[in-house]
**Student:** 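Just passing along the structure, written as structure tokens.
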Amino acid sequence: MGLARGIPGLLRGSQGCLWTLGPARGVLGLLGVSWYSHWSWGWLGGGHHPQPPRPCICHLSIHPPVCPSVAHSKFELYTMEWSLKEDLRDCMVAAAPYGGPIALLKNNTRKEKSPSARPLLEIYSASGLLLASMPWKSGQLVQLGWTASEDLLCIQEDGTVLIYNLFCEFMRHFSMGNEVLQNRVLEAKVFHTEYGTGVAILTGAHRFSLTTNIDDLKLRRMPEVPGLQKPPSCWAVLSQDRVTIVLLAVGQDLYLLDNTSCSVVTPPGMSPSAGAYLQMAVSFNYRCLALFTDTGYIWMGLATLKEKLCEFHSSVRSPPKQMVWCMRPRSRQRAVVVTWDRQLMVVGNSTECIQFVLDEDSYLVPELDGVRILSRTSHEFLHEIPEASQEIFKIASMAPGALLLEAQKEYEKESQKADEYLREIKDQKLLPEAVSQCIEAAGYEHEPDTQKSLLRAASFGKCFIDKFPPESFVRMCQDLRVLNAIRDYQIGIPLTFTQYKRLTVEVLLDRLVLRRLYPLAIRICEYLRLSEIQGVSRILAHWACYKVQQKDKSDEEVAHAINQKLGDTPGISYSEIAARAYDCGRTELAIKLLEYEPRSGEQVPLLLKMKRSKLALSKAIESGDTDLVYAVVLHLKNELNRGTFFMTLQNQPVALSLYRQFCKHQERETLKDLYNQDDNHQELGNFHVHSSYSEKRIEGRVGALQNALDEYYKAKNEFAAKATEDQIKLLRLQRHLQEDFDKPYLDLSLHDTVSNLILDGHHKRAEQLYREFKIPDKRYWWLKISALANRGDWEEMEKFSKSKKSPIGYLVRAF
Amino acid sequence: MAFAGRRDVPEPPDFGILKRLARDQLIYLLEQLPGKKDLFIEADLMSPLDRIANVSILKQHEVDKLYKVDSRPALSTSDQFCFLVRPRIKTMRYIADIVNADKMSGRSRKYKIIFSPQKFYACEMVLEEEGVFGDVTCDEWSFYLLPLDEDIISMELPEFFRDYFLEGDHRWINSIARALQLLNSLYGPFGKAYGIGRCAKMSYELWRDLEEESEGDGQGRRPEIGNIFLMDRDTDYVTALCSQVVYEGLVDDTFRIKCGSVDFGPDVTSSDKSIKVLLNAQDKVFSQIRNEHFSSVFGFLSQKSRNLQAQYDRRRGMDIKQMKNFVSQELKGLKQEHRLLSLHIGACESIMKKKTKQDFQEMIKAEHSLLEGFDIRESTSFIEEHIDRQVSPIESLRLMCLLSITENGLVPKDYRSLKTQYLQSYGPEHLLTFHNLKRIGLLTEQSAGETLTAVESRVSKLVTDRAAGKITDAFNSLARRSNFRAISKKLGLIPRVDGEYDLKMPRDMAYVFSGAYIPLSCKIIEQVLERRGWLGLEEVVRLLNGNEFSVSDSSVEDNPAWESQRIVLAVFLGGCTFSEIAALRFLGKERGCKFIFLTTAITSSARMMEAMIEAKA
């Protein structure tokens, strides 16, 4: 891989030409143009846009450095599309980090109860496109916030938290507990830690309650602050060593609340005359803390309160509207952005500060690597300029990247200066650094043209290096293509490169899916060649789950459309989609979708849920998984009445046998009912015979056998009836014998009974049995001769031999 | 025979790994319950467990005391109980009783149930109903396959036969599919698969499904077992019902081989104690006589003892050095052989004694005429007399079944009278046994006025009906006929005898039944392997009630040079007998291929009959 060696002539040509990334990579396409316009899948809501995508207006303005080596810049991400009538200050605002959506609650302050004056909840993309809106009908809202998965948290005064998705669809709600309900919510904050999204509440009783993860709700009531009579002037949630704590300021005192105790803390290096705390800010990563006092003093230090980083004396003494940290990961420069009504100030480790005048009401959104500034008309990003960009764009910079960029520009002008610049870099052996610098800097640029010129420079420089590994360049081209696509105002996710890398592409895809931007998500998967199961299949499944909610299409249409699109893509579970369809109340559609599910076992749980028990049973049997059959049978047993249950089983022999096996050992009476239901007299007879075994008393046994006898007659099984009758007769006889001779006769076979009688010399009784049970002559002779022989009763033998002719001769083999 | 020259029989793959896997997993599971624990073992898992791990291994992993399931723990003070059981409802109740008793007395212990080879939902259901589900933890010991010998693998599931064929319980099919999956993962894919029978088909299909779901990594592996043949026991009951006359079969019939070993009692050892002997290829004496017809065993043994004597005799005239050599190197082996020889001679004597007592010759004669279909009346009277004289309840039952199955059911008069006689001789409780035998198709009544052709047409209709729809029916034995006579004619199962059949130099597989009958199951396997499919056997298949299949795995390279092409895994669902094993070993030698046996359990006529008897209580 790698770029065409030698002359980078391939790159020449008209603006916006195709970038060749080498034969294996193929055509990259124009970075700046969104895929959006190429997208032709009809099923995306809003596939056609009303106006051509407008270029982002970007002014890279470098301000005098806060400290000698750092500069901050502010540029516009979007001009806002939302054409707000209200001032931002009249709305409750919540914007999700990582370029997330913005929630606005209008008219919240008005207290009239007339329905027309109901507050309006609106959700916008970061570019100000309306995603959804709804009148707020629930209780008084105190705070809005976003979860890590971009669900909207609406915290009510009574401590109830309602969760809505991006499209104002209600998901669920939970309560922050009785204590909160009683004392009402004074203030609330939504925070994010490694445990998930948390909510902290300050109640009317000046107590704090919090949960660190709303998905695994565990309410924690923080200890009381001694002597706290009025609400704290400011407070913040900190996360240190996996413990969530609350820091609050009352006048000149700072308190730290952990799980068990409340302690007073003093920040190191805080001047005693600093005054009372008005505002505090915790950085995105919870590492830094800034405190603002009523003397205009700003303390900046570690959140552990172990070290002061710097301080600043501002001339403003009024409480700031917002104060947030603005820093870049791994950068040693830290700055805090403070806003008042018409003023924005960036302060850091320097006596100087940068000041902006705010034309309109603005709202700050802290980000991983900077601050977003929202106002009625625009959406800006303020950040510390990364080192690579500074090196290249600093005026009169001689950094290798700057020289390379210059060289490439000259080369395009076909000027020999190109060679001079190149030579200068090469002489210092800094060409690889120059290329890397250009690639890195390209990542930080939001303007495609600047990205392109930097990448072009990198690509140009690469040609003069043997074996420059192409991965970083290719990766960056891919990343930028993805980023440019999602930054488009139609999509409105203004992720920076740093944020994108932290967020990962998987999460980004999830977010696109959440916004129902399925085609874009799929294109990104395909472009990045993600594995089907991770990428395309997952998105298609989400799409299908959304598709089934479209009520305006018929079941057939939807099922067909889904099958057309999904086919048998690996990793697609039709049963999951069907489950979603069922949740939306479309049972018929769910059944249609289930038919596409190749694994019959997967269909069963949903079929059961939909009360298609019989179908579920046959599918379970089809799957060959007997455990599943058992599960269905048990379900049916509880769901249906006994009669219907048995009837269902009768039609499914496999299930019936399994259930019978279970009953045989666990509930024998059910077995009887089963046979009764089916009029299976033969089995009923067997059942009674079987129960006769366990009867201890002879009357019980005879009774059970009598039952069996009746059933055998009903079953027209004469043989069994006769045999049972004989058995009853034999049992009764044996009992008499036992009483008469005081010897065990019970449970002997007929043969053995007669034989024993002869052995004991009761020839009369033996004779009686012989006649009564119609013992065949052959057998009788056999047993009599052998018994007599055993007894050694030759006299009787002689008598017997004379009575009749033996049917078997007298040579008894037993001898 | 079809092949021009005999080729060397290929070596079977090493199945020792199955044991090692099972042992490692068991140890892992035991370690999951750290600390000292008492182990309760299901009675019929004891012998298989013995082949996998001995007591000292169990002790190493902190097993304190061993109990047999179904005997109450006397006074166990252990805080941890571990149950190693089959997934049976009865056992679950036993465990639940222990747990509940502990609860009543306020004792708290840890309980762990290890199911072998797998857990069934019904078991959990019972635990739940008994209210102990939360008190126990469950695990599975995937001990599906126990290699009994270098060519025999047993699943040790004797209950499979009754559960599936009598009760229509399909639970074990999953276990079979998993066992096949295990073999497949260890020994590569099977190139060709053949089978007959409903269970065979279902197991095969379920196994394929499992393979597809797991997206097996065995792809592209070189197969170690080229062919697999699955067969349901109900395809051929006749063979299993015949008296066994090869040595190994006779030993099994007489002494019961359990898990590859046998307990020779005092009458064999000619001492006052029993000796447990492992019967496998390692036993030098046994391995030479196991497949022989009993009539030639004595001759062989006496020859062997003469040889042995000669070897002993070499001592005379040795000098010191030679003598030292002899003692250190040969004597031990000779002594070992000597010991085994005397044991087997003792066993032979004991067998002879028992068989003479039972008029073995007469019985064999009756069996042979049943197989050939001559003198049915005479055989019927023989059976009647057998019953009247109370020779043996199991044997009588076996003969009745053999009569029924070879004759496509008994004439109504005989059916009734034989059953009556039987009940009088052996007790009325066998009424239920007869019901079971009827249901499974082993002892049935000919319907009046039905000629063979009428039966056949009905059967063929049934077959087509079945083929049309998916099989969801639990039983198939109810409606089926054995058609033994017709099949026997088609496949030539009764060899034409010109003069005496030389049992010492057998010509065909019939030798395992004294030359009177070629085992049907083995004949089918032979025919299908020879034809590489069922082509030309349509009529036989129809008579056998269909459900045959033959599949070649296209992903497996077909290289005739590979030895694995000549290795056949014969899977018997419902058990196989030692006679069948001997017959196929013979066939393998003739054809230069190696048969490996996978069976749900080693079976015999007696085991089959016992499985049909309805247990009291």
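Below, chains carry the letters A, B, ... as their sequence lines are ordered, and counting in each starts from 1.
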**Student:** May I have all residue pairs that pass ring-ring contact (aromatic ring centres under 6.0 Å, His included) and include part of residues 649-670 of chain A, sequence neighbours excluded?
**Tutor:** Phe645(A)-Tyr659(A)
**Student:** Answer with side chain, backbone, both or neither: which region of Phe120(B) has an atom nearer than 4.5 Å to a non-hydrogen atom of chain A?
**Tutor:** both
**Student:** Counting only non-hydrogen atoms closer than 4.5 Å, does Leu206(B) touch chain A with its backbone (N, CA, C, O), its side chain (CB onward), both, or neither?
**Tutor:** side chain
**Student:** On the six-membered ring of Phe549(B), is Lys201(B) placed so that its NZ or CZ lies under 6.0 angstrom from the centre and within 45° of the ring axis?
**Tutor:** no
**Student:** With respect to chain B, which residue among Ser692(A), Ser691(A), Ser755(A), Pro776(A) yields the maximal number of heavy-atom pairs within a distance under 4.5 Å?
**Tutor:** Pro776(A)
**Student:** Is the Phe160(B) ring parallel, tilted or perpendicular to the Tyr164(B) ring (thresholds 30°, 60°)?
**Tutor:** parallel
**Student:** Is it the side chain or the backbone of Thr420(B) that comes within 4.5 Å of chain A heavy atoms, both, or neither?
**Tutor:** both
**Student:** Going by atom types only, do Tyr422(B) and Ser396(B) share a side-chain donor-acceptor pair under 3.5 Å?
**Tutor:** no
**Student:** Could you tell me which of Gln682(A), His751(A), Gln727(A) has the largest number of non-hydrogen atom pairs under 4.5 Å with chain B?
**Tutor:** His751(A)
**Student:** Among Asp163(B), Leu431(B), Leu423(B), who wins on heavy-atom pairs under 4.5 Å with chain A?
**Tutor:** Leu431(B)
**Student:** What part of Glu667(A) lies closer than 4.5 angstrom to a heavy atom of chain B: side chain, backbone, both or neither?
**Tutor:** side chain
**Student:** Under 4.5 Å, counting heavy-atom pairs only, tell me which of Pro428(B), Ser425(B), Gly427(B) racks up the most with chain A.
**Tutor:** Ser425(B)
**Student:** With chain B, which of Glu683(A), Glu718(A), Lys722(A) has the greatest number of heavy-atom pairs at distances under 4.5 Å?
**Tutor:** Glu683(A)
**Student:** I'd like to know if the side chain of Arg701(A) and the backbone of Glu695(A) have a donor-acceptor N/O pair within less than 3.5 Å.
**Tutor:** no
**Student:** If you look only at distance, which donor and acceptor atoms sit under 3.5 Å apart when one is on a side chain in residues 122-132 of chain B and the other is two or more places apart or in another chain?
**Tutor:**
residue   : atom : partner   : partner atom : Å
Glu124(B) : OE2  : Lys119(B) : NZ           : 3.3
Glu129(B) : OE1  : Gln666(A) : NE2          : 3.3
Glu130(B) : OE2  : Gln666(A) : NE2          : 3.0

**Student:** Under 3.5 Å, is there a donor-acceptor pair between the side chain of Ser404(B) and the main chain of Met400(B)?
**Tutor:** no
**Student:** Identify which part of Arg93(B) has an atom lying under 4.5 Å from any heavy atom of chain A, answering side chain, backbone, both or neither.
**Tutor:** side chain
